Asks: 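The structure that follows is given in the form of structure tokens.
Bear in mind the structure is a predicted one, so any value in this text is a computation, not a measurement. Just follow the structure's listing: the first ligand is 1, and inside any ligand the first atom is 1.
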Amino acid sequence: MMKEHSTKLTLLTCLSDGQFHSGEKLGELLGISRAAVSKHIKGIQCWGIDIFRVQGRGYQLADPLEMLSQSSLVAASDDASVDVIPIIDSTNQYLLDRTSELSSGSVCLAEYQAAGRGRRGREWVSPFGANLYLSMYWKLDAGMAAAMGLSLVVGVAVVEALEKIGVQGIKLKWPNDLYYNDKKLAGILVELSGQAGGAAHIVIGLGLNMSMKSEVEGIDQPWTSLTEVCNGEVPNRTELAQALICAWHTALTDYELNGMSGFVPRWNRLDNFLGRNVRLLIGPRELEGEVMGINEQGAVLLKTHNGLESHIGGEISLRKND
Ligand code: ATP
Ligand code: BTN
């Protein structure tokens, strides 16, 4: 399995110069037949990469591809690790499987996820090289109760880090999404493997669309990529990942020391639905009201016909209602 991936990754590295490469030359380079090259190219296309084949010239990538550079990425603290695993099932799962060996701040990044996931077992569409798939492990001494606030804290940190590098106009949707022009740009998934009572072992994952093609299948809601936000001038993925790793480290340390209070105004400034009418889907129940921001527990505040209500919990979805 791994061997098969490494052949495909070597092929991709050759093609990433953007030039044509003949099947024959590629085969020679890898010590495999032209038919085997063709088979591997088909496999690469299944990861979501477009490759042309022109008779007499060979294969060429349809779009430029710049892979993540593990050597340029450094952990935000000394004893944490950075693992770039190009082909993975899920970066969150990778860290969840290793919590006993990890230090807070350890991260995993991938180019492609075969089983990327969102909340409640939904699929996260994860084509190769087009987006950022980043997860971080954090040991939360405050335990599970403090975990709910994490997706909010991390969301604020991501938007502020993007603003710092000149990417403006990104908003937050409670509790775990980044939005741009009312479309989903990114999602954050917080998962935990904690014993009740003790410290919680938390994995925080971000899927951020950077230059995903509009033809992609499997997303059943309006979505967008940084290409739209930045008018085509998308930041370098490795540099952005590094900025996010640092920003998360700072935000998580701050949250552990000081709790949510400092994040409440920072969240409210960025809330996509502040002052807007929404529906909250709470299991089978549905509630309507105007978003008034969040409170210090990380609950969403809603002005309803019954007055001001706060709602929190993993089973709640917010939908626009205008
Ligand atoms: P909520 O959690 O409030 O119900 P949601 O509908 O966004 O919101 P999530 O579980 O947070 O649900 O996210 C998973 C959903 O995100 C998928 O069902 C799909 O509609 C969408 N999705 C999957 N991959 C992507 C992607 N790469 N970019 C944008 N949206 C995606
Ligand atoms: C959501 O909107 O429901 C959250 C989506 C989170 C996707 C990221 S991609 C990196 C990490 N690995 C996963 O399998 N999921 C998260």
Asks: Just to confirm my output: which protein heavy-atom neighbour is closest to atom 8 (O) of ligand 1, and how far is it?
Replies: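 Of every protein heavy atom, Lys173 NZ, 3.6 Å lies nearest to atom 8 (O) of ligand 1.
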
Asks: List the closest protein heavy-atom neighbour of atom 5 (C) of ligand 2: residue, atom name, distance to the nearest 0.1 Å.
Replies: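 Checked against all protein heavy atoms, atom 5 (C) of ligand 2 sits closest to Trp124 CE3, 3.4 Å.
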
Asks: If you count the atoms of ligand 2 from 1 in the order shown, which ones are under 4.0 Å from a heavy atom of Ser90?
Replies: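 Selected atoms, number and element: 12 (N), 13 (C), 14 (O).
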
Asks: We want to know whether His311 and Glu309 form a side-chain donor-acceptor pair, criterion being a heavy-atom distance below 3.5 angstrom.
Replies: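 Looking only at side-chain atoms, Glu309 and His311 do form a donor-acceptor pair, the distance falling under 3.5 Å.
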
Asks: Measuring from atom 26 (C) of ligand 1, which candidate in Trp174, Trp124, Tyr179, Tyr133 has the nearest non-hydrogen atom?
Replies: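 Considering heavy atoms of Trp174, Trp124, Tyr179, Tyr133, the nearest to atom 26 (C) of ligand 1 sits in Trp124.
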
Asks: Does Asp182 come within less than 4.0 Å of Lys171, counting only side-chain N to carboxylate O?
Replies: no

Asks: Under 4.0 Å from a heavy atom of Ser135: which atoms of ligand 2 are those, numbered in the order shown and with their elements?
Replies: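 Those qualifying, in numeric order: 11 (C).
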
Asks: Decide if atom CG of Asp78 counts as having more than 12 heavy atoms of other residues, nucleotides or ligands within a radius under 6.0 Å.
Replies: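 Open.
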
Asks: In the protein, which heavy atom is nearest to atom 13 (O) of ligand 1, and how far is it?
Replies: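 For atom 13 (O) of ligand 1, the nearest protein heavy atom is Lys184 NZ, 3.0 Å.
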
Asks: Who's the nearest protein heavy-atom neighbour of atom 18 (O) of ligand 1, and how far?
Replies: Arg122 CD, 3.3 Å

Asks: Got the closest protein heavy atom to atom 24 (N) of ligand 1, with its distance?
Replies: Val125 N, 2.9 Å

Asks: How close does the nearest protein non-hydrogen atom get to atom 23 (C) of ligand 1, and which residue and atom is it?
Replies: Glu123 O, 3.2 Å

Asks: Side chains of Tyr179 and Leu185, heavy atoms from C-beta outward: is any pair under 4.5 Å?
Replies: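 No, their side chains stay 4.5 Å or more apart.
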
Asks: Give the residue, atom name and distance (to 0.1 Å) of the protein heavy atom nearest atom 4 (O) of ligand 1.
Replies: Ser317 OG, 2.6 Å

Asks: For Glu286, check salt bridge (Lys or Arg N to Asp or Glu O under 4.0 Å) against everything at least two apart and list the hits.
Replies: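 Testing Glu286 for salt bridge (Lys or Arg N to Asp or Glu O under 4.0 Å), a comparison that skips the adjacent residues, returns Arg279.
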
Asks: Check each heavy atom of Arg319 against ligand 1 and say whether those closer than 4.0 Å belong to the side chain, the backbone, both or neither.
Replies: side chain

Asks: Can you name the atoms of ligand 2, numbered from 1 with element, that are less than 4.0 Å from a heavy atom of Ile188?
Replies: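 That gives atoms 4 (C) of ligand 2.
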
Asks: Looking at Asn176, which atoms of ligand 1 are within less than 4.0 Å of one of its heavy atoms?
Replies: 11 (O)

Asks: Taking Gly18's backbone N and O only, do any of them form a donor-acceptor pair with Gln60's side chain (distance below 3.5 Å, no angle check)?
Replies: yes

Asks: Record the part of Asp177 in heavy-atom contact with ligand 2 below 4.0 Å; permitted values are side chain, backbone, both and neither.
Replies: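 For Asp177, the contact with ligand 2 is made by the side chain alone.
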
Asks: Tell me the protein heavy atom at minimum distance from atom 12 (N) of ligand 2, and give that distance in Å.
Replies: Gln113 OE1, 2.9 Å

Asks: For Trp138 together with His249, are the ring centres under 6.0 Å from each other?
Replies: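 Yes; Trp138 has its ring centre under 6.0 Å from that of His249.
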
Asks: Note the single closest protein heavy atom to atom 15 (N) of ligand 2, along with its residue, its atom name and the distance in Å.
Replies: Arg117 O, 2.8 Å

Asks: Closest by any non-hydrogen atom to atom 16 (O) of ligand 1: pick that one out of Glu315, Gln221, Lys183.
Replies: Gln221

Asks: Output the list of atoms in ligand 1 that are nearer than 4.0 Å to some heavy atom of Trp223, sorted by atom number.
Replies: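 Near Trp223, meaning under 4.0 Å from one of its heavy atoms, ligand 1 has 29 (C).
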
Asks: Between the candidates Asp177, Asp220, Ile219, Val216, which shows the shortest non-hydrogen contact distance to atom 22 (N) of ligand 1?
Replies: Ile219

Asks: What's the shortest distance from atom 10 (C) of ligand 2 to any protein heavy atom, and which residue and atom give it?
Replies: Thr91 OG1, 3.2 Å

Asks: For Glu233, I'd like to know if atom CD has over 12 heavy atoms of other residues, nucleotides or ligands within 6.0 Å.
Replies: no

Asks: To the nearest 0.1 Å, how far is atom 8 (C) of ligand 2 from its closest protein heavy atom, and which atom is that?
Replies: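 For atom 8 (C) of ligand 2, the nearest protein heavy atom comes out as Gly207 N, 3.5 Å.
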
Asks: With atoms numbered from 1 as shown, which atoms in ligand 1 lie under 4.0 angstrom from a non-hydrogen atom of Arg120?
Replies: 2 (O), 4 (O)

Asks: Pick, from Asn209, Ile188, Leu318, the option with the minimum heavy-atom distance to atom 28 (N) of ligand 1.
Replies: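 That would be Asn209.
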
Asks: Thinking salt bridges, do Arg269 and Glu163 make one under a 4.0 Å N-O criterion?
Replies: yes

Asks: Are any of the heavy atoms in Lys184 under 4.0 Å away from ligand 2?
Replies: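 Yes.
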
Asks: Got a salt bridge between Arg266 and Glu160, using NZ or NE/NH1/NH2 to carboxylate O under 4.0 Å?
Replies: yes

Asks: Considering only NZ, NE, NH1 and NH2 on the basic side and carboxylate oxygens on the acidic side, decide whether Arg237 and Glu111 come within less than 4.0 Å.
Replies: yes

Asks: Students should be able to answer this: which protein heavy-atom is nearest to atom 3 (O) of ligand 2, and at what distance?
Replies: Arg119 N, 2.9 Å

Asks: Can you tell me how the ring of Tyr255 sits relative to the ring of Phe263, calling it parallel under 30°, perpendicular over 60° and tilted otherwise?
Replies: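 Perpendicular.
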
Asks: For Asn131 and Tyr133, does a side-chain donor sit closer than 3.5 Å to a side-chain acceptor?
Replies: yes

Asks: Show the atoms of ligand 2 that are less than 4.0 angstrom away from any heavy atom in Gly116.
Replies: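 Near Gly116, meaning under 4.0 Å from one of its heavy atoms, ligand 2 has 14 (O).
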
Asks: Which residue owns the protein heavy atom closest to atom 1 (C) of ligand 2, what's the atom, and how far is it?
Replies: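 Going atom by atom, the protein heavy atom closest to atom 1 (C) of ligand 2 ends up being Asn176 ND2, 3.4 Å.
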
Asks: Once salt bridge (Lys or Arg N to Asp or Glu O under 4.0 Å) is applied, do any residues pair with Asp141, and if so which ones, sequence neighbours excluded?
Replies: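 Expected list: Lys139.
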
Asks: I'd like to know if Asp271 pairs up with Lys173 as an ion pair, taking the criterion as any Lys NZ or Arg NE/NH1/NH2 lying under 4.0 Å from an Asp or Glu carboxylate oxygen.
Replies: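 Looking at Asp271 and Lys173, the cut-off is not met.
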
Asks: For the pair Ser225 (side chain) and Thr227 (backbone), establish whether a donor and an acceptor sit closer than 3.5 Å, ignoring hydrogens and angles.
Replies: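 Side chain of Ser225 to backbone of Thr227: no pair is present.
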
Asks: Only heavy atoms of Gly118, strictly under 4.0 Å: list the atoms of ligand 2 that pass.
Replies: 1 (C), 3 (O), 4 (C), 5 (C)

